[in-house]
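First the proteins, then the strands, lettered A, B, ... as listed; each starts at 1. What you see is a predicted model, and the numbers here were worked out from it, not measured in a lab.
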Protein chains: 2
Amino acid sequence: MRESTAAGCDRCGVDRLCLFGRVAGLRIRRIRTNRGTPLFRSGERVEALFAIRSGCVKEVDVSTGRDGTIVNFATAGEILSLQSLACAPSRTTAIAVESSFVCVVPWNAVNQASLSAPRITRELMQLIAKAGLEARESLALVRDKEARQRVAGFLLNMVARSQARNVSTCELRLPMNRDDIANYLGLRSETVSRCFTDLARQRLIQVKAKRVQILEECELRRIYSGA
Amino acid sequence: MRESTAAGCDRCGVDRLCLFGRVAGLRIRRIRTNRGTPLFRSGERVEALFAIRSGCVKEVDVSTGRDGTIVNFATAGEILSLQSLACAPSRTTAIAVESSFVCVVPWNAVNQASLSAPRITRELMQLIAKAGLEARESLALVRDKEARQRVAGFLLNMVARSQARNVSTCELRLPMNRDDIANYLGLRSETVSRCFTDLARQRLIQVKAKRVQILEECELRRIYSGA
DNA sequence: CGTTGAGTTGATGGAACTCAAATAGCGTGG
DNA sequence: CCACGCTATTTGAGTTCCATCAACTCAACG
């Protein structure tokens, strides 16, 4: 709809692609999704790359029984469907956790652009590899860790990602509800809740619904890495 | 040492790269590692892509306290260090689980080759994306699953990977010991052992040390996906 | 035959799940 | 503004599953 370098792109993780894309004439569409609305569904062929401008989108693996498992939360500045080029139909469904603005960059446009500029190819590969590393990190987050550690790690991760784009702050707004957090961490919402109150009782954090303040980041980090 | 298309390359996951590489003059070194020997260590800059020709190599995240956590087993035909281009120093250490033969393909050679042939770039991206997807799968394997399910899923995964290169067979040889399996699955070796005997008691598998026969794959699959 | 290391089995406690009930938030309409 | 209903979250009690620790089996080896 708009020019790809409109206000906010400088904080967007895809900005480099956008800049290169502008050179090659990349067309970028922006869409708005409401809470609960899917960006793409499991089984569909994903033809585009989704860059989250604002809001939060969860990627859900619906193949694993029940209501599926959340494999990733993508927040402002992050990119979705990076590994979709590997398998024709997507294995995940992407659902907005809250109202979100998303840039949609068609894959063939990206590929076009990357043909003319090898640097784009390189950036792209690094982004894909990074997405893989993040999957490994969330693996480390849930395996061998008990509930308190997982929750601590989750908070630290959210803070780090929030600080990557905002000014350094310890005030955190969690876009998703407890059930989603629990799902993502392989726990139950009750357990997550207990951990929150537990950490709050120790004065490491302060919780008020979706607002969390990190009071003792160091101590939290100590808990995460096996207190 | 040898020509890259020597006997066995047709079963190797990297064969396409090798073939293209031959065109561009890729130099491929082959090395042999004994059990316990590291291919590369955490913190080192990984300059090459490692393709396992035979044997088994485990990738260990040593940052997570104790003796580290195994994030991946690479067996014949699979490729290691695909996401190393995303972060300068490797976050994992790669250790041979048994005596292994490995092809070492320098990254700059790969990049050279990919400059001249866009198809190689594309293959490479798909391989990297696939590695990311596999990380997500192993995430699904340990999260929300109880011990029996994890072990069942592990066996199914090993069988599938073994069948991808051998003739279809239900006879399986596990290259790694129980501790490594337990580590990989986020369990204890005792628990893995119990699950094995449990599944064997149900006549779904037959276990004899490192040799496992899959008797009822369907039933195993049923257990994996939440019996 | 004793030693060593890997693997199995048994007994026990603790962490997290389950079910259930209480409480807090939040938007809606009176 | 307050009452209402709805949902999200917190808290409590009982149960299950797995980690822990320890004993035991088995095979390989000198």
K.L.:
Just compare dT9(C), dA15(C), dT10(D) and give me whichever is closest to any side-chain atom of Glu190(B).
P.N.:
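Nearest listed nucleotide: dT9(C).
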
K.L.:
Say whether Glu78(A) and Thr75(A), considering side chains only, have a donor N or O and an acceptor N or O under 3.5 Å apart.
P.N.:
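The criterion, which ignores hydrogens and geometry beyond distance, is satisfied for Thr75(A) and Glu78(A).
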
K.L.:
Would you mind telling me which of dT20(D), dC17(C), dT10(D) lies closest to the side-chain atoms of Arg188(A)?
P.N.:
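The listed nucleotide nearest to Arg188(A)'s side chain is dC17(C).
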
K.L.:
It should be established whether Lys210(B) places a side-chain nitrogen or oxygen under 4.0 Å from OP1 or OP2 of nucleotide dA6(C).
P.N.:
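For dA6(C), OP1/OP2 do not have a side-chain N/O of Lys210(B) under 4.0 Å.
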
K.L.:
Figure out the CG/C1' separation between Asp144(A) and dT20(D), and round it to whole Å.
P.N.:
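About 15 Å, once rounded to whole Å.
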
K.L.:
By nearest atom, which of the nucleotides dT9(D), dT10(D), dG7(C) is closest to the Asn177(A) side chain?
P.N.:
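Side chain of Asn177(A) sits closest to dT9(D).
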
K.L.:
Assess whether a salt bridge exists between Arg211(B) and Glu171(B), defined as any Lys/Arg side-chain N lying under 4.0 Å from an Asp/Glu carboxylate O.
P.N.:
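Here Arg211(B) pairs with Glu171(B) in a salt bridge, since their nearest N and O are under 4.0 Å apart.
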
K.L.:
Write down the distance between CD (Glu146(B)) and P (dC17(C)), rounded to a whole number of angstrom.
P.N.:
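After rounding, the gap between these two atoms is 11 Å.
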
K.L.:
Using C1' atoms of five pairs at each end, report the bend of the helix from dC1(C)-dG30(D) to dG30(C)-dC1(D) rounded to 10 degrees.
P.N.:
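The helix from dC1(C)-dG30(D) to dG30(C)-dC1(D) shows an end-to-end axis angle of 30°.
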
K.L.:
Output yes when at least one side-chain N/O atom of Thr191(B) is less than 4.0 Å from OP1 or OP2 of dC18(D), else no.
P.N.:
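For dC18(D), neither OP1 nor OP2 has a side-chain N or O of Thr191(B) closer than 4.0 Å.
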
K.L.:
Which residues pass the side-chain hydrogen bond (donor to acceptor under 3.5 Å, both in side chains) test with Arg91(A), sequence neighbours left out?
P.N.:
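If we apply the side-chain hydrogen bond (donor to acceptor under 3.5 Å, both in side chains) test to Arg91(A), skipping adjacent residues, the hits are Glu137(B).
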
K.L.:
Choose from dA16(C), dT8(C), dA19(D) the nucleotide whose nearest atom is closest to any side-chain atom of Thr197(B).
P.N.:
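Closest of the options to the side chain of Thr197(B): dT8(C).
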
K.L.:
For residues Leu187(B) and Arg150(B), report the shortest heavy-atom separation together with the two atoms involved.
P.N.:
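Reported closest heavy-atom pair: CD2-NH1, 4.0 Å.
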
K.L.:
Looking at every heavy atom in both Leu174(A) and Phe196(A), which two are closest together, and how far apart are they?
P.N.:
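For Leu174(A) versus Phe196(A), the nearest heavy atoms are CD1-CZ, 4.1 Å.
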
K.L.:
Asp198(B) has an atom CG; how far is it from atom C1' of dC17(D), in whole Å?
P.N.:
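Rounding to the nearest Å, CG of Asp198(B) and C1' of dC17(D) are 13 Å apart.
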
K.L.:
Is a side-chain donor or acceptor of Gln163(A) paired with a backbone partner of Thr169(A) at a separation under 3.5 angstrom?
P.N.:
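Judged by distance alone, yes, a pair lies under 3.5 Å.
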
K.L.:
Identify, residue by residue, the members of residues 178-186 of chain A with a heavy atom below 4.0 Å from DNA chain C, and return them in order of residue number, or none.
P.N.:
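Gly186(A), in order of number.
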
K.L.:
dG7(C) P sits how many Å from Phe196(B) CZ, rounded?
P.N.:
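Rounding to the nearest Å, CZ of Phe196(B) and P of dG7(C) are 10 Å apart.
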
K.L.:
Arg35(A) CZ to dG27(C) C1': how many Å, rounded?
P.N.:
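One finds 13 Å between C1' of dG27(C) and CZ of Arg35(A), rounded.
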
K.L.:
Which nucleotide wins on minimum distance to the side chain of Arg194(B), given the candidates dT8(C), dT10(D), dA11(C)?
P.N.:
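Nearest to the side chain of Arg194(B) among the choices is dA11(C).
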
